[in-house]
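The structure under discussion appears below in the form of structure tokens.
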Amino acid sequence: MSDAVKGWNRQQMADQIAREFQDGWIVNLGVGMPTLCSNTDIGDRHIIYHSENGVIGYGPIAPAGQEDLNLVNAGGQNVTLNPGAAVVHHADSFAIIRGGRIDVTVLGAYEVAENGDFANWRLAGTKGGGIGGAMDLAACAKRVFVIMEHLTRDGRPRLVRRCVLPVTARGVVTLVATNYGLFEPAGEGFRLRELAAGIAVDEVRSGTSATLVI
Amino acid sequence: MSDAVKGWNRQQMADQIAREFQDGWIVNLGVGMPTLCSNTDIGDRHIIYHSENGVIGYGPIAPAGQEDLNLVNAGGQNVTLNPGAAVVHHADSFAIIRGGRIDVTVLGAYEVAENGDFANWRLAGTKGGGIGGAMDLAACAKRVFVIMEHLTRDGRPRLVRRCVLPVTARGVVTLVATNYGLFEPAGEGFRLRELAAGIAVDEVRSGTSATLVI
Amino acid sequence: MNSKQYPSFRDAVADIPDGAIIAFGGFAMPGTPFNLIKALAEQGAKHLTCIANTTGGAQQPRMPDLGLLVEQGQVRKVICAFTAATRASDVLPFTKYYEAGEVEAELVPQGTLAERLRAAGAGIPAFYTPAAVGTELAHGRETRVMNGREYLLEYALPVDYAFLRARRADAFGNLQFHRSQRNFNPVMAMAARVAIVEVDEDILPVGAIDPDQVHTPGIFIHRLVRVPPPPGGIWPVVRQERRR
Amino acid sequence: MNSKQYPSFRDAVADIPDGAIIAFGGFAMPGTPFNLIKALAEQGAKHLTCIANTTGGAQQPRMPDLGLLVEQGQVRKVICAFTAATRASDVLPFTKYYEAGEVEAELVPQGTLAERLRAAGAGIPAFYTPAAVGTELAHGRETRVMNGREYLLEYALPVDYAFLRARRADAFGNLQFHRSQRNFNPVMAMAARVAIVEVDEDILPVGAIDPDQVHTPGIFIHRLVRVPPPPGGIWPVVRQERRR
């Protein structure tokens, strides 16, 4: 995936999502671009980052040479702990998730549909898949936000009327950041909440296989 | 309940049961007479006592004045901890029970039937009952042993063909110590494994409302 | 981040409405939130559904417990592992009100009670257990045979409030319990919308508890009150043993 | 009481038979029993059913993991939360064998995997979860609507052996984990008939760990092996980050 895409870069997409986080929220960040949300400056709002492996209240990536090799986030990166952190085992960690304590999960995706369905665990033509904690998170977090490139590598839209790939959960996504802008699945079509600098509305329209509501 | 009963006294009944404990067993002792099993000298066999409230590896009752007021066994008595003890919460404690890790639970009872059913949670004519952990323990421990007086206060047998009182679990009791002797529910009748000193077999027969197998 | 510390037990229970569902930690004296219960008795909320191991009052000396709330007419229903004494000679404070039909009771095996609370906290709406199969408690209820054994379907038990007691807390609500003080407290915290804790020791600064040694994470905890030393606060005492 | 300490990884895995069901702790590197896996690769048991978060091999540097056992032809089936890479450009060692039909796979959401192991250890034969409802994983399976929401029935996942890694153990097997080393390890210990642990530090005398600070009680643990310092023992290292 190249940074030489149109519109927002990876960090700017993450910034759009992170600015939604409210003080005191418990936030679970998926592997890849969602991880970048923790770099966003959101002032003095206190966020508690939860990771599937049972780490509650992790902080920034550990500086090189100062890693605790037994402390990783969901992406396997060596992170630090913020004051007030706690560690639980995997079943208790998913008890927190299924119990509805996660205010938002931010996930990557292959496709998001206008009805809030999304797909992120199996590519077309592959056997098996990579579910990880996404199905638990998507079914149970209070909010599901997605960060993804607006188009696939071969130029096809990822914002679609109905998912073609096998879904991760149905009707759960309420906010999507792409390099083209910030979108809300609106039942019929996607509402454009914010347009990325350097992107024209027509570009968004032609890159989206669902109605665009402005 | 008086000690002036015929045959074995309370501690002797408990001794009969405790002598069955094998080295390394995890043992759960019910409130009342079963508690006395931990007084029995069984040589160098190492027993791990488990209590419903999540204490694994508790030891003798704490000497007066040296109690830890936040450490009790299932009977609410202030106990001590043996080396290697661990404390877990209530759901984990019953995970241990339901998971089949308890080698034997020793319980008090109102009635035991020849088919291994037993009743210990509701007296006749009362509303409500006192189940505590008995139904979980009785359904899931590898063995269920019972200690009880041979006769009720008004002289009726507690070893019966079928339980009259509501049962705690079905077909689970394999050994019963009463003041008259040591008995095994045998499907039809009770096998007398040991007769208490000073008790005649005829006394046992007339005090048991099921066949006695000798 | 605001501290979760409240200045008094009265403040910590002030908003509890009539009809609330409340779980009370504790097994015998350890871990029982006597001070919060006393405050609730003074606050006066009514028609409560109360979840606890016992209905209270079986042990001596008498402490502020569920039995006190029943006697004060605050309780509509209890959900407990003990709703009657196991010895005919004992009489619980609860029994009179129960037999008179002034309070309802649901009797639940203790392990099932703990697991139903844990399930509520874990987003598990229902599960199967072997406990109580073949007993009166299973009459008319749904069972299922798996691998040749019969199991009973049990449902999660979510609560509005949990009243807990812990040894130690930081201002974020990370908790440590001492010995058998732990008992039901962690699973009740998980099951509750609002978890209120009375704490034995001074509330610590955030981060003072090793993350590996937190028994209940602060994300489950909403209010903390420090228990004053006796006689201002109520503390466990040695039980008066009775001959049996 | 006999110590549960074994002299070598080889001794600790010597009796594992063909066809065994084995759970492997670990999430990324922390808590992964690399040394026990290496010993099992040398021991050679076949037709194994292996339960772990991933099929291994996705991270660099490559460590002895489930992928190694698959490559050696020891594995009949895996039960994992990841059975394929999530990026088209990644290729797992597992994929070739899976696509060739030489090994079976059951793909399970991570929380369901953890809860199925916990259920096995907790004597809960089955439970309901909202995860995977409405997805391909739920096709043809039993669901149930409770309180207006649909849930999927999931079954306990008992295992014969668990391979674990912990920071600290006493000779009875009481365990402490360091930070995210904990992950699946405690629930796999609960789910196993025989739990085998590789331990970072020297095995402590019984009683050296505060009973309040035990993460996994020794009653669940059967064998302990001390991990030698590198290069004799295998330890987590910093992951080589890839650009994405």
Side-chain angles (χ1 to χ4, degrees), chain A residues 1 10 31-33 51-55 58 62 64-65 67-79 81 85 87-95 97-98 108 110 117 120-123 125-140 153 166-171, chain D residues 27-31 53-55 58-59 80-88 92 94-95 98-99 105 107-115 117-119 129-137 167 177-187 190 200 215-216 235-239 241 243-244:
Chain A
M1 189 179 300
R10 293 158 52 85
V31 179
M33 284 196 285
S51 175
E52 288 93 311
N53 57 346
V55 184
Y58 69 85
E67 298 91 350
D68 180 337
L69 297 179
N70 282 306
L71 176 57
V72 299
N73 64 10
Q77 299 167 303
N78 291 112
V79 291
L81 294 180
V87 178
V88 298
H89 64 54
H90 235 84
D92 281 348
S93 179
F94 279 87
I97 293 170
R98 277 192 316 267
Y110 305 137
D117 294 358
N120 81 344
W121 67 276
R122 177 143 93 203
L123 288 161
T126 61
K127 191 171 174 185
I131 295 174
M135 285 191 184
D136 304 90
L137 282 160
C140 303
R153 278 163 207 233
V167 301
T168 303
R170 298 202 175 273
Chain D
F27 182 96
M29 288 192 202
N53 188 48
T54 77
T55 63
Q59 295 198 347
C80 293
F82 294 89
T83 60
T86 45
R87 291 185 291 171
L92 301 178
F94 172 78
T95 301
Y98 186 34
E99 292 188 340
L107 181 61
V108 181
Q110 198 173 120
T112 299
L113 185 62
E115 190 67 13
L117 290 160
R118 192 259 176 198
T129 175
V133 167
T135 75
E136 192 179 295
L137 269 64
R167 167 61 55 95
F177 302 94
H178 178 70
R179 304 303 188 229
S180 76
Q181 190 184 49
R182 198 177 316 191
N183 64 68
F184 283 97
N185 284 297
V187 289
M190 289 173 69
D200 291 351
H215 295 153
T216 289
W235 295 75
V237 298
V238 175
R239 189 179 68 153
E241 280 288 344
R243 179 85 186 85
R244 60 175 306 177

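Proteins come first, then strands; the chains are lettered A, B, ... in the order of their sequence lines, and each starts at number 1.
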Shorter than 4.5 Å, heavy atoms on both sides: which option in [options] has the most such pairs with chain A?
options                           : answer
L107(D), V187(D), N53(D)          : L107(D)
T95(D), N183(D), N185(D), V237(D) : N183(D)
A114(D), G111(D), C80(D), A132(D) : G111(D)
P236(D), P109(D), S180(D)         : S180(D)
A131(D), P130(D), G31(D), A84(D)  : A84(D)

If you count heavy-atom pairs within less than 4.5 Å of chain D, which of [options] leads?
options                  : value
D136(A), V87(A), N70(A)  : N70(A)
A62(A), G129(A), G133(A) : G129(A)
T168(A), V72(A), V55(A)  : V72(A)
G125(A), A91(A), G132(A) : G132(A)

Is a side-chain N or O of [X] found less than 3.5 angstrom from the main chain of [Y], in a donor-acceptor match?
X       : Y       : value
T55(D)  : T83(D)  : no
R170(A) : G134(D) : yes
E52(A)  : Q110(D) : no
N73(A)  : Y58(A)  : no
H215(D) : F177(D) : yes

Ring geometry between F27(D) and H90(A) (parallel below 30°, tilted from 30 to 60°, perpendicular above 60°): tilted
Check each atom of [X] against the heavy atoms of chain A and say whether the ones under 4.5 Å are side chain, backbone, both or neither.
X       : answer
L113(D) : neither
A28(D)  : side chain
V238(D) : both
D200(D) : side chain
A105(D) : neither
T54(D)  : neither

One should read off an interatomic distance between S93(A) OG and R182(D) CZ, to the nearest 0.5 angstrom, of 11.0 Å
Side chain, backbone, both or neither: which part of L71(A) has a heavy atom under 4.5 Å from chain D? both
Please flag which part of L81(A) lies under 4.5 Å from any non-hydrogen atom of chain D: side chain, backbone, both or neither. side chain
Report the residues that fulfil salt bridge (Lys or Arg N to Asp or Glu O under 4.0 Å) with E115(D), sequence neighbours left out, ordered by chain and then residue number. R98(A), R118(C)
Across all chains, not counting sequence neighbours, the side-chain contact (heavy atoms from CB on, under 4.5 Å) partners of A85(D) are D90(D), L92(D)
When every non-hydrogen atom of A169(A) is compared with those of A138(A), the smallest separation belongs to CB-CB, 3.6 Å
Atom of W121(A), atom of L137(D) and distance for their closest heavy-atom approach: CH2-CD1, 3.6 Å
